[in-house]
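Remember, it's 1-based here, ligands and their atoms both numbered in the order they're listed.
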Amino acid sequence: MIWYPYQQMKTMKDPYEIVDANGVYLYTKDNKMIDSVSSWWSVIHGYKHPVLTQAIKDQADKFAHVMLGGLTHEPVRRLSDKLADWLPGDLNYCFFSDSGSVAVEVALKMALQYYMNQGERQRTMTLSLTHSYHGDTFKTMEVGDDEDYHFVLEAFGEKKYAVNIPTEIPALEEAFEKYHDKLNCLLVEPLLQAPAECACTTFPS
Ligand SMILES: Cc1ncc(COP(=O)(O)O)c(C=O)c1O
């Protein structure tokens, strides 16, 4: 049995059985349809992209995966260098993780450790926007404000380490005034359909 995500299993309709995919199209046995969410944005260049498919095949013939704990390799260095060239300013270091939720967790841990290293142990508060979604892991559920996860608040009580504010400058100013000595970072994701997020460490003036 498969437990499908974001569905009530008792009432969900039968999922489409996909037998092939190409470009923006998904194929069932009898029909084709446009995948307008690119399998939750993980196939944004389209299915069977010839360059990507070839690169995956070439790399799999050498090694599909090698961890970065104590090891390194040329493809990961090449990707980091490309990202560093593309990113602004001195954002030159890449930390690789395995999903959107874990990327947010990593960013939150980095921001927290920065202040711990500075001796500011009280800076544990994350600011983020109302209705924001940052992922499905426990900490990302806590810092986000997705209604589907409000049951977590019922279980654990009011949020202690996260505050959600509306997307308005006065709300941001008010939060800075109220929590300035506790603030650790501001977590932002675009309001357009662009599932990306960044954690910006706030530096006290
Ligand atoms: C804005 C945003 N943040 C975080 C995530 C979580 O990413 P993942 O499902 O890879 O853990 C998603 C996933 O859709 C997302 O849209």
The one among G100, S97, S99 that brings a heavy atom closest to atom 7 (O) of ligand 1
G100
Electrostatic pair D20-K48, nearest N-O below 4.0 angstrom
yes
One finds that the ligand 1 atoms under 4.0 Å from a non-hydrogen atom of G135 are 4 (C), 6 (C)
Verify whether one side chain among S39 and S42 offers a donor that lies under 3.5 Å from an acceptor in the other.
no
Below 4.0 angstrom, N of the basic side chain to O of the carboxylate: do R78 and E74 qualify?
yes
Who's closest to atom 9 (O) of ligand 1 heavy-atom-wise, of S132, A103, S101, S42?
S101
Would you say the side chain of Y25 lies within less than 4.5 Å of the side chain of M33, judging by non-hydrogen atoms?
no
Is ligand 1 under 4.0 Å from a heavy atom in the side chain of W40, in the backbone, in both, or in neither?
neither
H73 side chain near L68 side chain, heavy-atom distance below 4.5 Å:
yes
Which of the numbered atoms in ligand 1 are below 4.0 angstrom from a heavy atom of W41?
14 (O), 16 (O)
